Undergrad: 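Structure provided below as C-alpha cells; questions to follow.
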Amino acid sequence: MPSKKALVRRPSPRLAEGLVTHIEREKVDLDLAVEQWEAYTEALSTQGWETIEVDPADDCPDSVFVEDTVVMYRNVALITRSGAESRREETAGVEEAVASLGCSVNWIWEPGTLDGGDVLKVGDTIYVGRGGRTNAAGVQQLRAAFEPLGARVVAVPVSKVLHLKSAITALPDGTILGRIPQLDAPSLFPRFLPVPEESGAHVVLLGGDKLLIAASAPKTAELLADLGHETVPVDISEFEKLEGCVTCLSVRMRELYV
Ligand SMILES: NC(=O)NCCC[C@H](N)C(=O)O
C-alpha cells in the first residue's frame, strides 16, 4: 500500500528570527504561529495523513520549514545541504526520522547546495530550481541520486523568488499553478494555469481532488473549486511573514511501501 505519512516539525521558540530574503521583515507572533502549525497538522490528520513529528530543533529558527531539509523520491530520502548556512544544522533530526521509517538515505555533499523548496515532483518529472539556495552542483547531485531510479530532472532558473515552489506547484493532473511574473522561464512548463494571488501558487495534494491551500488565497481557492477540486484552507500568516508557504511545513511521503 502506498503510504500517507507526513513529516512535520514543531516551530522553534526562535521562529521570529527566521530568514527573510525577498520580502520586508514583519513581526511574527510566536503563539499564533504555534496555533497555526497545530491547525495545519490537524488538517493533514483529518485528511487521512499520519503526521510524524521530527524532533524539534529549537536553536534553528527556520526548522519548522521541514520540507527544505529532505527530498523524497520513492523510498529514497535525499538529505539536503541548504544554500543558507544558518539552516544546515536542521538536517540531523530529519535524517534520524527518515532512517527510522526505513528509507534509504542519500546526501547532498559540499560543494552542492539544495533546498527541498526548490524541488517539485510531477509524476516522474522532477523540476529543480537553480537559484539562491540551490547551486549547479546540487542539481547535478539530485540528478545522480534520482535519475537511476527512473526520474527525469528538469532544471529551472529561479531569480525572482526564494525557491522554485515559492513560484509554482502542481495540481494532481500535473497542471502547473503559478504567476508568470515570478518565473524566469515559464515556457519550460507544458500546462500552466495562472492564479490570481501569489500564495495561490502553492497547493499541497491531499489525495483525490483535495488540495490544501493558504487562507490568504481565497480567489485561487474559488477558481480551483470551480475546476472541480475540493480546497481545504489553512491560515499560515505567521509563516508567510518568513517566506513560508503551505508546502514547506511538511514532507509528504506517498511512495513508501511499508
Ligand atoms: N520551502 C519553503 O518554502 N521554505 C520556506 C523557507 C523560509 C525560511 N525563512 C528561509 O528563508 O529559509
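In listed order, ligands and their atoms are each counted from 1. Model, not experiment: these values are computed from the prediction.
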Undergrad: Judging by distance only, is a nitrogen or oxygen of Leu242 under 3.5 angstrom from one on ligand 1?
TA: yes
Undergrad: Give yes if a backbone or side-chain nitrogen or oxygen of Thr21 is under 3.5 Å from a nitrogen or oxygen of ligand 1, and no if not.
TA: no
Undergrad: I'd like to know if Arg74 pairs up with Asp124 as an ion pair, taking the criterion as any Lys NZ or Arg NE/NH1/NH2 lying under 4.0 Å from an Asp or Glu carboxylate oxygen.
TA: yes
Undergrad: I want to check something: taking the side chain as every heavy atom from C-beta on, are Leu171 and Leu224 in contact at a cut-off of under 4.5 Å?
TA: yes
Undergrad: Who gets closest to atom 1 (N) of ligand 1 by heavy atom: Glu67, Glu17, His22?
TA: Glu67
Undergrad: Just go through Glu243, Lys165, Arg133 and tell me whose heavy atom is the nearest to atom 10 (C) of ligand 1.
TA: Arg133
Undergrad: Should the proximity of Leu162 to ligand 1, defined as any heavy atom under 4.0 Å, be assigned to the side chain, the backbone, both, or neither?
TA: side chain
Undergrad: Could you list the atoms of ligand 1 found under 4.0 angstrom from a heavy atom of Cys245?
TA: 3 (O)
Undergrad: Mark the output for Ser166 as yes if a heavy-atom distance to ligand 1 is under 4.0 Å, and as no if none is.
TA: no
Undergrad: Check whether any side-chain N or O of Gln47 sits under 3.5 Å from a backbone N or O of Gly207 as a donor-acceptor pair, and report yes or no.
TA: no
Undergrad: I want to confirm something. Looking only at heavy atoms, which of Val66, Asp118, Asp68 is nearest to atom 4 (N) of ligand 1?
TA: Asp68
Undergrad: Any carboxylate oxygen within less than 4.0 angstrom of a Lys/Arg side-chain nitrogen, looking at Lys241 and Glu238?
TA: yes
Undergrad: Look at atom 8 (C) of ligand 1 and say which protein heavy atom is nearest, naming residue and atom and giving the distance to 0.1 Å.
TA: Asp62 OD1, 3.2 Å
Undergrad: Which ligand 1 atoms are under 4.0 Å away from a heavy-atom of His163?
TA: 1 (N), 2 (C), 3 (O), 4 (N)
Undergrad: On the 0 to 90° scale, with breaks at 30° and 60°, tag the Phe146-Tyr73 ring pair as parallel, tilted or perpendicular.
TA: tilted
Undergrad: For atom CZ of Arg152, decide whether the heavy atoms of other residues, nucleotides or ligands shown that lie under 6.0 angstrom number more than 12.
TA: no
Undergrad: Note the single closest protein heavy atom to atom 3 (O) of ligand 1, along with its residue, its atom name and the distance in Å.
TA: Cys248 CB, 3.3 Å
Undergrad: Looking at Glu38 and Arg10, is any side-chain nitrogen of the basic one under 4.0 Å from a carboxylate oxygen of the acidic one?
TA: yes
Undergrad: Do the two ring centres, one from Phe239 and one from Tyr40, sit under 6.0 Å apart?
TA: no
